[in-house]
S.K.: 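Sharing a structure here in structure tokens format.
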Amino acid sequence: MYIELGDGSCVHYYAKDLTPKRFEESWNKPSRQKLVKKGGAYAPVALPELCIMLLHPIHDRPIGKMDWLVSSSALRRMLKACWLPAFEAGKPKVNILRYKPERRLVAKVSYGDVPVAILRSSTPDEFSKMLIGNAFGVSHGGVVLTGADGTSCTLATRWQKNDSLCPEEGHAPDDQLIAELGKKLARIHSASYQHPTRYTLADEIRSVNGVANTFRHILPEYADWFETLQNRITCGLTHLPEQATLIHGDFSLDQVIRRTSKSGEIKLHILDWDRSAQGHPLLDLASFTARLELQLIEGSVTRHEADRLSDGLLQSYRRKQEVDEAGLRLFTASALLRLTAEPFRKRSPHWDQYTLQILQRAQALLDAEQTV
């Protein structure tokens with residue numbers, strides 16, 4: 001989040017909400033107090049009465065070595081280490097696109113108004129997954145990987161001029177594009193080579209459990225409702241057979257761009273392969289529909305558009321790839337629960353209402369699954 005300071009400047013901070021004991025221990029660490037005394041635009045800030053610390057990403061220790069966010073010389077060194085072209089004119093500029101504190105940061109690098117690269121920094125464990133995932137993205141033509149710097153756990157991909165298919169950024173794609181996307185997903189799922197990372201149904205259950213911890217903090221009065229849905233999903237997934245194909249792992253229209261060649265040919269590229277794995281193919285189909293359900297709740301698409309897009313993708317997919325669709329509603333409900341904290345993270349004015357509507361939709365899907 002961006003915080004406006006007393007002098008009118010804006011600084012990107014992330015907040016850590018701690019217990020009084022943990023706040024006292026963490027805030028008074030000699031290394032942190034050294035930064036506080038040094039001062040400057042990126043020094044840590046505390047709200048002692050609330051036991052909250054505000055930290056700039058360059059002080060995110062689990063990720064570490066992100067001085068390139070604030071230093072032009074460090075950024076140039078990073079671009080060189082990642083085999084990105086050197087630019088003689090202009091000063092490189094960084095814009096943070098996505099940030100999960102103590103896990104991963106994604107930023108756009110530009111010279112003037114010209115974007116040149118996407119940099120992803122992460123923890124060592126996440127970095128290993130990103131390297132593997134983006135290699136698979138390259139194999140399917142969705143990613144142009146330029147290089148990586150293992151010292152700082154940073155990976156660089158070339159910025160691609162594009163038109164996003166995300167409904168939040170314009171009009172929803174037409175039926176022809178959706179049909180092409182369904183065929184592209186089917187080709188991914190039918191790949192003969194295997195991803196070294198395995199994402200099992202037990203992993204999906206753990207992912208939902210992880211969101212439950214966040215939910216208890218942001219909407220504690222509805223935690224019992226979340227837990228009830230969580231238990232139903234856990235029970236349902238436990239009784240499903242495992243299937244394993246190459247999956248994108250975070251498939252939605254948000255991850256797809258359209259590029260038009262000089263000859264007028266349109267090609268679709270699927271981005272952000274960081275969560276790719278060998279897993280159940282219904283996970284990709286479910287995450288696609290779940291994201292549309294959230295966009296419906298937020299007002300980016302109508303009911304008719306959401307149904308047209310999800311049905312069109314599935315129909316095209318079926319023509320190219322056989323899949324046992326038993327449990328698709330169950331997977332979609334699970335994907336929806338994993339999105340319950342999204343409106344809160346996006347700081348939507350009506351985030352609590354949106355979150356409750358997500359729970360309502362997940363419950364309706366689970367009820368429909370039971371009647372089949």
Side-chain angles (χ1 to χ4, degrees), residues 137 140-142 160 162-190 245 247-260 265-273 275-276 279-340 342-343 346 348 354-355 357-366 368-369:
H140 283 278
Q160 299 183 65
N162 63 81
D163 293 316
S164 173
L165 295 195
C166 177
E168 297 174 36
E169 298 185 24
H171 298 293
D174 60 27
D175 293 345
Q176 184 177 352
L177 282 176
I178 286 297
E180 183 59 35
L181 185 58
K183 289 191 290 185
K184 192 171 185 67
L185 182 63
R187 286 196 294 270
I188 291 169
H189 288 178
S190 62
T245 64
I247 61 170
H248 178 269
D250 189 25
F251 185 66
S252 69
L253 286 174
D254 306 45
Q255 308 287 17
V256 186
I257 60 172
R258 173 183 57 192
R259 300 184 67 185
T260 305
E265 183 184 7
I266 294 176
K267 288 190 176 182
L268 299 180
H269 300 269
I270 300 174
L271 308 177
D272 197 355
W273 286 72
R275 298 182 192 174
S276 62
H280 203 297
L282 292 185
L283 285 164
D284 279 343
L285 294 166
S287 68
F288 182 88
T289 300
R291 179 63 65 173
L292 283 171
E293 291 292 337
L294 175 57
Q295 290 166 339
L296 168 63
I297 289 168
E298 294 174 331
S300 299
V301 296
T302 64
R303 178 77 271 169
H304 171 73
E305 286 177 323
D307 290 343
R308 175 181 67 82
L309 294 168
S310 58
D311 292 346
L313 182 93
L314 185 56
Q315 289 171 13
S316 175
Y317 179 91
R318 285 174 183 147
R319 287 193 287 269
K320 292 292 181 179
Q321 179 77 354
E322 290 185 9
V323 62
D324 182 358
E325 295 176 30
L328 180 55
R329 292 189 187 92
L330 180 63
F331 279 103
T332 306
S334 183
L336 278 168
L337 284 200
R338 288 193 277 107
L339 290 175
T340 49
E342 192 82 358
K346 291 163 71 174
S348 301
Y354 292 163
T355 301
Q357 289 181 60
I358 293 173
L359 295 186
Q360 288 176 337
R361 183 57 182 150
Q363 180 168 317
L365 287 167
L366 291 172
E369 182 74 11

S.K.: Is it the case that over 12 heavy atoms from other parts of the model lie below 6.0 angstrom from the CD atom of Q176?
M.R.: no
S.K.: Which residue pairs satisfy the ring-ring contact (aromatic ring centres under 6.0 Å, His included) criterion with at least one member in residues 309-330, sequence neighbours excluded?
M.R.: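 Qualifying pairs: H189-Y317.
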S.K.: Could you tell me whether the side chain of T245 reaches within less than 4.5 Å of the side chain of V323, counting heavy atoms only?
M.R.: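 Answer no - side chains too far apart.
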S.K.: For the residue pair L282 and G327, what are the closest heavy atoms and their distance?
M.R.: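 Taking every non-hydrogen atom into account, CD1-C, 4.3 Å.
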S.K.: Any side-chain heavy atom of I358 within less than 4.5 Å of one from P343?
M.R.: yes
S.K.: Are R291 and E168 ion-paired here, with the side-chain N under 4.0 Å from a carboxylate O?
M.R.: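 A salt bridge is absent here (no side-chain N lies under 4.0 Å from a carboxylate O).
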S.K.: Does the side chain of T289 come within less than 4.5 Å of L313's, by heavy atoms?
M.R.: no
S.K.: Taking all heavy atoms of L365 and all of A333, pick out the closest pair and write down the distance.
M.R.: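 It is CD1-N, 4.0 Å.
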S.K.: Taking side-chain contact (heavy atoms from CB on, under 4.5 Å) as the test, write out the residues that go with R319, two or more places apart.
M.R.: Q315, S316
S.K.: Restricting to non-hydrogen atoms, name the atom on T340 and the atom on T355 that form the minimum distance, rounded to 0.1 Å.
M.R.: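 Result for this residue pair: O-OG1, 3.2 Å.
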S.K.: Between L292 and A306, which heavy-atom pair has the shortest distance, and what is it?
M.R.: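 The answer is CD1-O, 3.8 Å.
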S.K.: Counting distance only, does the side-chain N/O of H248 pair as donor-acceptor with the main-chain N or O of D272 below 3.5 Å?
M.R.: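 Yes; judged by distance alone, with no hydrogens or angles, the pair exists.
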S.K.: Under 3.5 Å, side chain of D284 to main-chain N/O of G249, donor-acceptor pair present?
M.R.: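 Yes; at least one donor-acceptor contact below 3.5 Å.
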S.K.: Identify the residue among F288, W273, F331 that makes a ring pair (Phe, Tyr, Trp, His ring centres under 6.0 Å) with F251.
M.R.: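 Single ring pair (Phe, Tyr, Trp, His ring centres under 6.0 Å) partner of F251 among F288, W273, F331: F288.
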S.K.: How would you list all residue pairs meeting ring-ring contact (aromatic ring centres under 6.0 Å, His included) that involve residues 295-314, not counting sequence neighbours?
M.R.: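 Checked against ring-ring contact (aromatic ring centres under 6.0 Å, His included) - neighbours excluded - no pair reaches residues 295-314.
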S.K.: Looking at E180 and K320, does any basic side-chain N land under 4.0 Å from a carboxylate oxygen?
M.R.: no
S.K.: Quick check: closest heavy atoms across E369 and L330, and the distance to 0.1 Å?
M.R.: OE1-N, 3.9 Å
